[in-house]
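The block underneath contains the structure these notes are about, expressed in structure tokens.
Bear in mind that the values here come from a model prediction, so they are computed numbers and not experimental data. A note on names: the letters A, B, ... follow the listed sequences, proteins ahead of strands, and every chain is numbered from 1.
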Amino acid sequence: MELLENLNPRQKEAVLHTEGPLLIIAGAGTGKTRVITHKIAHIISLGARPDSILGLTFTNKASDEMKKRVIDLAGISGFRIWLSTFHSFALRILKNEYPKIGRAPFTVFDEDEQLAILKEIIKKLGWEKNIPAPRMILHYIERAKDQLLDPDSFKYHSHAIGDLYREEVSKLYYLYQEELRRNGGMDFGDLLLETVNLFNQNPEILKKYEELFDYILVDEYQDTNFAQYLILKLLGKNKRKVTVVGDEDQSIYSWRGARVENILNFENDWPDCRVIKLEENYRSTHKILECSGNLIRNNRHRRAKELWTKDSGGEPVIYRVFPACRDEARSVCSEILHLIDDENYGAGEIAVFYRTNAQSRILEERMREFNINYRIVGSVSFYERKEIKDLLAYLHLLVNPADDLHLKRVLNVPPRGLGKQTLKKLEDEAGKRNIPILTLLSDSESLDISPKAKKTLTGFWEFMEKVRNAASALSPFQLLEMIVSGSGYADYLESLEGWEARMRMDNVGELLSALKDFEERNQEADLRDFLDSVSLISPYDQYSREGEKVTLMTLHLAKGLEFPGVFITGMEEGILPYRDAVHDPEEMEEERRLCYVGMTRAMKRLYLSSVSSRRLYGISRFSEPSRFLEEAGFEITQVY
DNA sequence: CAGCAACAAAAGTGA
DNA sequence: TTTGTTGCTG
């Protein structure tokens, strides 16, 4: 049984416990992924059908990684395992089942699109002066969806608890949902919520999947929300061969609906469940473990758990203060060069973490200056770039001509001389006739607009028609090529000057190759599938392979990764912990966990730093070293 | 309608 | 400090 050979006794126990509910409390670096992958391989070796195994993760990165490892261990049969993120899983179920129960197809809308819808609604209501951040509203709506509350129940619930603000929000929620559906969209929350609804309303469908999946494994269980919790419960309740892996010390997503209770109450939810704790750490040096352990012991809401390692030494964890951000960034860069030049580190083995995306800019500038190859993960990622979103909007419109939201994005992109006035008339008219704007354009002659605008609009409509007619004969890649050249977008970009325009053109080229790549990997897939995968997949995997680069990312994104050398910057009160958390003990614990997650990513070297003066909106403010430094065992003597 | 300037807002974390 | 929006002018 060579599958079990390289496992410690606890890990082995976890792998072998296949027939009932199992909770694996897996501290950072204790071989969690190893246990899951070995367990899946073990189940297959016992003769289970690969497609009777369902593995759920939180990021695509994690599921891809897991898939690779399972295939290594179990061979070709690994391909047929259901291994994906919760959201991709939900999408797959909905896509499979909706046609059968006569529900319309849909596309997945991302955050920008969600916000665009909300802003529009707020504008239409004329509320914009009174209502703060649409983001805030969206947050409420998303939390409602996590709780499976539709607009009506949300309103009822808010009324019942006497929350007037939420009652107001429920109106927006109602209109938001209506507008979202009218555009043929589903947001991330919908994917989960609608899957639960689908199962609840169609027992025969639920039964089918219940019977299909003999074994269910969930990674990062501490970050599941209520909807995800229910999906697991619905699918696993009869066979009860449910394995969840998690670590409450690494729960960092409560702000997007994750409920630590899910993992803390697992034993109550699944009676007779086995609990296995993994505490031997294989990742970090003793020094790093000591430091992070000191920190996390300050949290009260956790199970007793003590990580240990056979390693007995390691380099000291280093903490430094700097006068200002630029000094901090400069030090990080020169230390990175030192690691690369003198200690034989590869750039790819080093990561720099920060609490907020805004902190990345200064680091980025310094990295350029020092000629260090770097890559920023997250924030303004590839698919969030303007030119990419413009072109994707064309594709959305192609897939769904009723998608006014995306039409509005591209109607005057590239600039065609269509302004606000024209757009307003179009919207009004389309609203009056209750048809999509694009349909309206088929008959621009009848509209009350200038002859020039008519001509342009007809041209736009004819172009979209041409592409649509070609759609059946061409591959998604060819369609995108047609759009890039035919819409005038390529000419437009070329007419712009400067390196920025050139970079945007390069990005368009990359989008084309991404689509080509997708086509080759998914022979059956159509354009809609591509758009959906773009919504759910972070570009991390595709674009991370080229060259050895230092990784820059937020602490949140760092979870699940490991690097020989790690820098955590901005270790200051107000940043880490973030300022809003100072008054709330629960949030403070989450900030501490976030810091802990960052520290435990480090294998050999860990550097912490803070600055004594930080600029916010251009104004300098003094800041104090984070309380977490002292908790981790650093003596903070000198502040300014 | 497009380009420019003055002005206001922004930055907490993400599938 | 940087980025986005508004309102004016050609």
Categorize [X] for me: base, sugar-phosphate, or nothing, with a 4.0 angstrom heavy-atom threshold over every strand shown.
X: A/Gln359; answer: nothing
X: A/Glu142; answer: base
X: A/Glu590; answer: nothing
X: A/Phe58; answer: sugar-phosphate

Would you please confirm or rule out a distance under 4.0 Å between OP1 or OP2 of [N] and any side-chain N or O of [X]?
X: A/Thr554; N: B/dG14; result: yes
X: A/Thr59; N: B/dG14; result: no
X: A/Asn357; N: B/dT13; result: yes

Would you kindly give the [atom1]-to-[atom2] distance between [X] and [N], to the nearest whole Å?
X: A/Asp187; N: B/dG14; atom1: CG; atom2: P; result: 18 Å
X: A/Leu557; N: B/dG14; atom1: CG; atom2: P; result: 5 Å
X: A/Glu113; N: B/dA15; atom1: CD; atom2: P; result: 15 Å
X: A/Glu364; N: C/dT2; atom1: CD; atom2: P; result: 13 Å
X: A/Lys386; N: C/dG4; atom1: NZ; atom2: C1'; result: 13 Å
X: A/Leu192; N: B/dG14; atom1: CG; atom2: P; result: 18 Å
X: A/Asp146; N: B/dG14; atom1: CG; atom2: C1'; result: 12 Å
X: A/Ile376; N: B/dT13; atom1: CD1; atom2: P; result: 13 Å

Next item on the list: Answer yes if the side chains of A/Tyr221 and A/Asn262 hold a donor-acceptor pair under 3.5 Å, and no otherwise.
Entry: no

Next item on the list: Please tell me which of A/His87 and A/Gln421 maps to the more 5' nucleotide of DNA chain B, matching each residue to the nucleotide holding its nearest heavy atom.
Entry: A/Gln421

Check: When you match A/Asp580 and A/Ala453 each to their closest nucleotide on DNA chain B, which lands nearer the 5' end?
Finding: A/Ala453

Which residues pass the side chain to side chain contact (heavy atoms under 4.5 Å, CB included) test with [X], not counting sequence neighbours?
X: A/Ala26; value: A/Ile24, A/Thr30, A/Lys32, A/Val245, A/Leu278
X: A/Gln359; value: A/Tyr354, A/Arg355, A/Thr356, A/Thr569, A/Ile575, A/Arg614
X: A/Arg330; value: A/Asp327, A/Arg366, A/Phe370
X: A/Gln421; value: none

Checklist line | Salt bridge present between A/Asp529 and A/Lys95 (N-O < 4.0 angstrom) | finding: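 Yes, A/Asp529 and A/Lys95 are salt-bridged.
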
Margin query: As a test of understanding, state which of A/Val218, A/Thr195, A/Leu191 forms a side chain to side chain contact (heavy atoms under 4.5 Å, CB included) with A/Phe86.
Written below: A/Val218

Checklist line | Residue list, ring-ring contact (aromatic ring centres under 6.0 Å, His included) with A/Phe628, at least two apart or on another chain | finding: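 Expected list: none.
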
Next item on the list: Please measure how far the C1' atom in C/dT6 lies from the corresponding atom in B/dA11, and state the result in whole Å.
Entry: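 After rounding to an integer number of Å, I get 22 Å for this pair.
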
Checklist line | Qualifying residues under side-chain hydrogen bond (donor to acceptor under 3.5 Å, both in side chains), relative to A/Tyr140, sequence neighbours excluded | finding: none

Notebook entry, point to check: Heavy atom of residues 250-262 of chain A under 4.0 Å from DNA chain B: which residues?
Noted result: A/Tyr253, A/Trp255, A/Arg256

Next item on the list: Please name all residues satisfying salt bridge (Lys or Arg N to Asp or Glu O under 4.0 Å) with A/Arg601, sequence neighbours left out, ordered by chain then number.
Entry: none

Item checked: Under 4.0 Å protein heavy-atom contacts per nucleotide of nucleotides 2-11 of chain B, with B for base, S for backbone only and - for none -> S-------BB

